[in-house]
Amino acid sequence: MTRDINNKIGKLKDMAMGRCRERIEQAACKAKVLMNKPKSEGQNEGTTNYTQPSGITSFLKKRHGL
């Protein structure tokens, strides 16, 4: 009985971890696309107020709350 419960808990944990990994990968891909996208004149003016470094980590934190 406890073995069944432990197996079910383990499967649920693996499924949850898999979903988290997928969401992180999707956010990283989206961030790469946004960072590599050429900026227009109107967008350049709005981004000059940031004081954080323009690394991928700070970009993900600001855009996606990761």
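The shown structure was predicted, so the numbers you read here are calculated from the model rather than taken from an experiment.
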Identify each donor-acceptor pair in which a side-chain atom of residues 10-20 lies under 3.5 Å from a protein atom, sequence neighbours left out, and give them as a table.
none

| task | Not counting sequence neighbours, which residues clear side-chain contact (heavy atoms from CB on, under 4.5 Å) with Arg3? List them please. | result | Asn7
| field | Linked hydrophobic residues, Ile9 as query - side chain contacts closer than 4.5 Å | value | Ile5
